[in-house]
2 protein chains.
Amino acid sequence: MSRCENCIIRQFNSLRAMSKDELKKVSDTKVSKTYKKGDAIFEEGERLDGVFCVRDGVSKLSKLSSNGKDQIIKLATKGEILGQRSVIAEESANLSAVAIKDVDLCFIPKESILHTLNTNPNFAVEVLRHMANDLREADDVIVNMSQKTVKQRIAEAFIYLKNEFGEDDNGFLKLSLSREDMSNVVGTATESTIRIISEFKKKGMIETSGKQVRIKDIAKLQNVVSGL
Amino acid sequence: MSRCENCIIRQFNSLRAMSKDELKKVSDTKVSKTYKKGDAIFEEGERLDGVFCVRDGVSKLSKLSSNGKDQIIKLATKGEILGQRSVIAEESANLSAVAIKDVDLCFIPKESILHTLNTNPNFAVEVLRHMANDLREADDVIVNMSQKTVKQRIAEAFIYLKNEFGEDDNGFLKLSLSREDMSNVVGTATESTIRIISEFKKKGMIETSGKQVRIKDIAKLQNVVSGL
DNA sequence: TTTAAAATATGACAAATGTCAGGTTTTGAT
DNA sequence: ATCAAAACCTGACATTTGTCATATTTTAAA
């Protein structure tokens with residue numbers, strides 16, 4: 001049902017550069033897997049023998065800090081590839097990947113990837129471009145983390161969730177994080193996150209209904225991010 | 001005097017994968033440049049038409065935050081390549097590079113690089129590996145920035161300066177940062193940095209003589225980093 | 001449906017960090 | 001050697017953030 005020619009080509013820029021033959025090989029060796037919310041796809045320190053192409057769902061990529069807290073580095077959704085960095089560097093995973101919405105993905109053994117990398121320069125350059133982009137994003141995160149207040153980072157996170165994952169018919173964010181996950185994204189204590197979310201509610205910037213969150217005034221959130 | 005066959009091969013892992021011919025072309029097109037302490041090598045937003053291989057000296061790579069403060073993302077020294085990410089992504093520079101110790105480097109026009117990338121898979125894979133490493137380092141920085149206190153980050157910075165740049169015959173750090181640069185590395189106010197450095201001095205962990213810094217008790221610094 | 005566990009919420013307080021305002025010392029150009 | 005600029009330092013205080021304790025609500029399993 002889901003051949004790589006259809007799935008991957010459409011979804012993953014870097015795999016666009018593969019030839020028909022190469023894609024066929026990937027198609028033949030790949031394995032579909034699903035993970036329930038909360039399931040670990042892989043753990044920090046684990047040796048990966050392939051990469052994971054997310055077909056559907058959302059996964060958090062996090063790293064354990066020496067103080068015992070998890071820092072979420074990135075949220076990966078449809079079209080993203082997990083484990084690529086570790087496979088290319090031939091290192092064990094530096095991040096853990098855990099599903100925060102049921103995840104449906106293809107596992108591609110590293111041999112297919114590495115072989116194509118070594119023989120098809122177009123593919124290598126595409127992967128390189130992709131990683132260059134990840135690196136720029138990481139630099140941006142470093143600046144945000146070190147120069148913005150917790151309040152600014154939380155406001156920014158809500159805007160990110162809206163832009164990246166969208167809203168449903170009722171205007172609720174399609175992806176709503178638990179307070180704890182939100183805390184681990186912005187790097188703060190759960191209580192601080194709860195307090196700031198309460199404040200945003202009081203000020204009419206967002207509203208909640210059970211687990212769901214609706215952004216009511218994105219301009220005000222933007223102002224918070226800008227430090228106004 | 002300095003042919004790439006001698007300079008680059010020895011210094012830059014990723015360029016090791018170039019053939020004799022490719023290296024010769026680079027050698028022919030490269031340009032040597034020097035920058036005095038404080039000089040900008042390139043600025044954030046600038047279009048780069050090549051990469052810079054640091055032959056000697058130290059450069060800080062920083063990004064301006066929306067609050068007007070500079071965040072130093074990385075210190076680059078002998079053997080590091082600047083601007084590679086931007087050239088590969090075909091984007092303008094996301095960071096500024098400024099010399100903090102007189103810098104001596106080779107400028108290599110992007111054509112040489114891009115052409116080799118597109119034709120020599122070994123080279124592409126080496127560059128990819130290198131960037132995968134940068135990405136892991138960036139992830140580590142994100143975790144440190146968001147989960148460690150300013151004091152821990154400053155202690156860590158001193159240890160890093162010792163390990164990365166070494167000490168002279170008198171035990172002074174070869175690279176000593178101004179308080180302001182140190183603040184921009186760890187992402188805090190200059191006054192906070194000064195206070196913490198004073199505290200470290202009082203506690204006998206470091207001592208200073210003019211601009212120079214000597215680490216007296218690295219174990220104590222390690223303890224601070226570990227939160228003891 | 002009931003119920004225990006998890007998530008959310010809030011107060012009170014402590015600790016960390018930022019800001020401003022003024023000093024002193026060091027540096028580098030003349 | 002002199003002098004102005006830059007770097008460094010310190011105190012006082014405000015703000016932000018973390019921690020602990022506890023209460024409430026929501027969730028999910030039996």
Side-chain angles (χ1 to χ4, degrees), chain A residues 36-39 65-71 98 100-102 144-157 172 176-203 206-213 224-225 227-228, chain B residues 36-39 65-71 98 100-102 144-157 172 176-203 206-213 224-225 227-228:
Chain A
K36 287 279 165 206
K37 179 176 177 172
D39 287 353
S65 162
S66 49
N67 67 7
K69 286 189 189 167
D70 239 21
Q71 176 65 36
V98 173
I100 55 176
K101 262 192 165 181
D102 295 3
N144 280 339
M145 284 299 178
S146 40
Q147 302 284 1
K148 289 189 176 150
T149 65
V150 172
K151 199 179 291 185
Q152 288 176 307
R153 282 163 9 222
I154 290 181
E156 202 164 42
F172 289 116
S176 55
L177 298 175
S178 71
R179 304 293 190 260
E180 191 182 359
D181 277 341
M182 178 68 101
S183 304
N184 292 343
V185 166
V186 303
T188 191
T190 307
E191 294 94 327
S192 298
T193 298
I194 289 175
R195 260 181 257 275
I196 289 170
I197 289 181
S198 297
E199 185 190 330
F200 286 177
K201 282 199 265 187
K202 279 200 197 96
K203 292 187 175 164
I206 62 176
E207 65 187 351
T208 61
S209 161
K211 254 193 123 50
Q212 299 183 292
V213 179
V224 170
V225 175
L228 304 180
Chain B
K36 288 278 164 206
K37 178 176 177 172
D39 287 353
S65 161
S66 48
N67 67 7
K69 286 189 188 165
D70 239 21
Q71 175 66 36
V98 172
I100 56 176
K101 263 192 164 180
D102 295 2
N144 280 339
M145 285 297 178
S146 39
Q147 303 283 2
K148 289 189 177 151
T149 65
V150 171
K151 199 178 291 185
Q152 287 175 308
R153 283 166 4 224
I154 290 180
E156 203 164 41
F172 288 115
S176 55
L177 298 175
S178 71
R179 303 293 190 261
E180 192 182 358
D181 277 341
M182 178 68 101
S183 305
N184 293 342
V185 166
V186 303
T188 192
T190 307
E191 293 94 328
S192 297
T193 299
I194 289 174
R195 260 181 256 275
I196 289 170
I197 289 181
S198 297
E199 185 191 329
F200 286 176
K201 282 198 265 187
K202 279 199 197 99
K203 292 187 174 163
I206 62 176
E207 65 187 352
T208 60
S209 162
K211 256 192 120 52
Q212 299 183 293
V213 178
V224 170
V225 174
L228 303 180

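The chains referred to below are lettered A, B, ... by the order of the sequence lines, with proteins before strands, and numbering in each begins at 1. Given the structure is predicted, the values throughout are model-derived calculations rather than measurements.
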Should K211(B) be listed as having a side-chain N or O under 4.0 Å from OP1 or OP2 of dC8(D)? yes

Integer-rounded Å distance: dA16(C) C1' and I154(B) CD1: 12 Å

Can you figure out which of dC20(D), dG18(D), dA16(C) approaches the side chain of E191(A) most closely? dC20(D)

Euclidean distance, atom CD1 of residue I194(A) to atom C1' of dA23(D) [Å, nearest integer]: 13 Å

OP1, OP2 of dT10(D) versus side-chain N and O of R195(B): anything below 4.0 Å? no

Do the side chains of K36(B) and D102(B) get close enough for a salt bridge, i.e. N-O under 4.0 angstrom? yes

Is there a side-chain polar atom (N or O) of S198(A) under 4.0 Å from OP1 or OP2 of dT8(C)? no

So with a 6.0 Å cut-off around CD of E180(B), is the heavy-atom count from everything else above 12? no

Integer-rounded Å distance: dG18(D) P and Q152(B) CD: 13 Å

I want to check one thing: is the phosphate of dC9(D), taken as OP1 and OP2, less than 4.0 Å away from some side-chain N or O of K201(B)? yes

Where the side chain of V150(A) is defined as all heavy atoms beyond and including C-beta, which of dT17(D), dA9(C), dT17(C) is the nearest nucleotide? dT17(D)

Taking N184(B)'s backbone N and O only, do any of them form a donor-acceptor pair with Q71(B)'s side chain (distance below 3.5 Å, no angle check)? yes

Interatomic distance where CD1 belongs to I197(A) and P belongs to dA9(C) [whole Å]: 7 Å

Under 4.0 Å between a side-chain N/O of K69(A) and OP1 or OP2 of dG18(D), yes or no? no

Spacing of K202(B) atom NZ relative to dC9(D) atom P, expressed in whole Å: 11 Å

d(CG, N67(B); C1', dT17(C)) in whole Å: 14 Å

For E199(B) and dT17(C), what is the distance between atoms CD and C1' respectively, to the nearest whole Å? 13 Å

5' precedence on DNA chain D between K148(A) and T208(B) (nearest-nucleotide basis): T208(B)

According to a strict under-4.0 Å criterion, is S192(A) in side-chain N/O contact with OP1 or OP2 of dG18(D)? yes

In whole angstrom, what separates E180(B)'s CD from dT26(C)'s P? 19 Å

Minimum heavy-atom distance M182(A)-A157(A), with the two atoms named: SD-CB, 3.7 Å

Does dA7(C) have OP1 or OP2 sitting under 4.0 Å from an N or O in the side chain of T190(A)? no

Tell me if a side-chain donor or acceptor on R153(B) pairs with a main-chain N or O of K148(B) at a distance below 3.5 Å. yes

